[in-house]
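In what follows, chains are A, B, ... by sequence order, proteins preceding strands, each numbered from 1. Remember, it's a predicted structure, so these values are computed and weren't measured experimentally.
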Number of protein chains: 2
Amino acid sequence: MELSTYLPYLVNRLGQRFVSEITPALNKAGVNIQSWRVLIALYQGGKQTVGDLSELTSINFSTLSRVLDRMEDKNLARRQRGADDARSFTVILTSKGKAVTEKILPYAKDLEVLATSDFTEAELNKLRELLSKLYIGLGSGNKVKERMAG
Amino acid sequence: MELSTYLPYLVNRLGQRFVSEITPALNKAGVNIQSWRVLIALYQGGKQTVGDLSELTSINFSTLSRVLDRMEDKNLARRQRGADDARSFTVILTSKGKAVTEKILPYAKDLEVLATSDFTEAELNKLRELLSKLYIGLGSGNKVKERMAG
DNA sequence: TGAAACTATTTGATACTGCAAATAAATAGT
DNA sequence: ACTATTTATTTGCAGTATCAAATAGTTTCA
């Protein structure tokens, strides 16, 4: 049993460390890690339904519902009844939400630059590629959960 | 601004997806994601103080304190007053803790295998290497936080 | 040696998360 | 059209996380 070969372990500890490194800076801007992810998803992907956002961010939909409540309270985003399907809500960044996102995006980039000072450009690209590929592989669209349950 | 090049974003979404994929299986064994991390850290690293565990797992120390309470309730680990320094506590896996860890370790491996079916062996190794390197780079031993604050 | 400064951990208060149940709207079958 | 089923989202509740303050033990140094 050599744990350093366990990808889930490596990914998880890295993710946790990243979160604890970036959280203080985000908090100063009144944003927590979940709303950071939602802001980014909206900033990048444009308006989306709550469900799409939940899928995209992997934030549990009831958690997300409340994250959105808080973001609306802070005037970062707002919900709009779906025009075609009135069960759904479309979530939209407000202009304040856009501004805040643009303010905090550099934090992540700064952190990346500091953390990767001894990476070559090729390594960085490879890592990005493999992280994306693994993300896809882990996708909730596949049979992972079903097989794990057995 | 092309977000798919933001390493923190890539790492974080992957980490979140991993957590939501593995959590159900862990819960069946009465373990949540934080205690999973503590179990692994103890299983791999042997007994450690609460502070060392907090550093190693990046779990906030007051959170960890309560995680350990629950683990003690479930007889997975126990705390022992430090022999040399009575301020500290040494945390030790119980035999039940060891058994549970050995039971649940395969879940992570299974998930890895399923998620990486189209990775070559070379890609897997490269990814492990780069994840470890990034983890080090992000280490709280460096100047990241201080610089981010400015 | 004893008060000040420091370190390790816990606790109080409050906010956040996530399961399961509830609500609300759309769709299907009759 | 009408009930049953399905889908999108929210809410109740119980558990979990985190900041700041409190506690408890140690080191420093006059």
Just to verify, what does B:Glu102 make a salt bridge (Lys or Arg N to Asp or Glu O under 4.0 Å) with, not counting sequence neighbours? none
Check each residue of residues 8-15 of chain B for a non-hydrogen atom within less than 4.0 Å of any atom in DNA chain D, then write out the ones that pass by number, or none. none
Just jot down the side chain to side chain donor-acceptor pair (under 3.5 Å) partners of B:Thr49, sequence neighbours excluded, or say none. B:Asp52
Please list, chain by chain and in numerical order, all residues satisfying salt bridge (Lys or Arg N to Asp or Glu O under 4.0 Å) with B:Asp85, sequence neighbours excluded. B:Arg87
Name the first nucleotide and the last nucleotide along DNA chain C (5' to 3') that come under 4.0 Å of a heavy atom in chain B. C:dT7 to C:dA13
Which residues pass the salt bridge (Lys or Arg N to Asp or Glu O under 4.0 Å) test with B:Lys109, not counting sequence neighbours? B:Glu112
Measuring from B:Asn12:CG to A:Gln34:CD, what's the distance to the nearest 0.5 Å? 8.0 Å
Below 4.0 angstrom, which residues in residues 59-71 of chain A have at least one non-hydrogen atom near DNA chain D? A:Phe61, A:Ser62, A:Ser65, A:Arg66
If we count only N and O atoms by modelled type, under 3.5 Å, do the side chains of B:Tyr135 and A:Arg13 hold a donor and an acceptor together? no
Would you tabulate the side-chain donor-acceptor contacts of residues 62-69 of chain A under 3.5 Å, counting partners in other chains and residues two or more places apart, or write 'none'?
| residue | atom | partner | partner atom | Å |
| --- | --- | --- | --- | --- |
| A:Ser62 | OG | A:Asn60 | OD1 | 2.7 |
| A:Asp69 | OD1 | A:Arg79 | NH2 | 2.3 |

B:Phe18 meets the ring-ring contact (aromatic ring centres under 6.0 Å, His included) criterion, sequence neighbours left out, with B:Trp36
Positions of residues 31-41 of chain B (non-hydrogen atom under 4.0 Å from DNA chain C), listed by number: none
Can you pull out the residues from residues 77-94 of chain B that lie within a 4.0 Å heavy-atom distance of DNA chain C? B:Arg79, B:Arg87, B:Ser88, B:Phe89
Give none if C:dG18 has no partner; otherwise give the nucleotide forming a Watson-Crick or G-U wobble pair with it, both distances under 3.5 Å. D:dC13
What pairs with B:Lys74 under salt bridge (Lys or Arg N to Asp or Glu O under 4.0 Å), at least two apart in sequence or on another chain? none
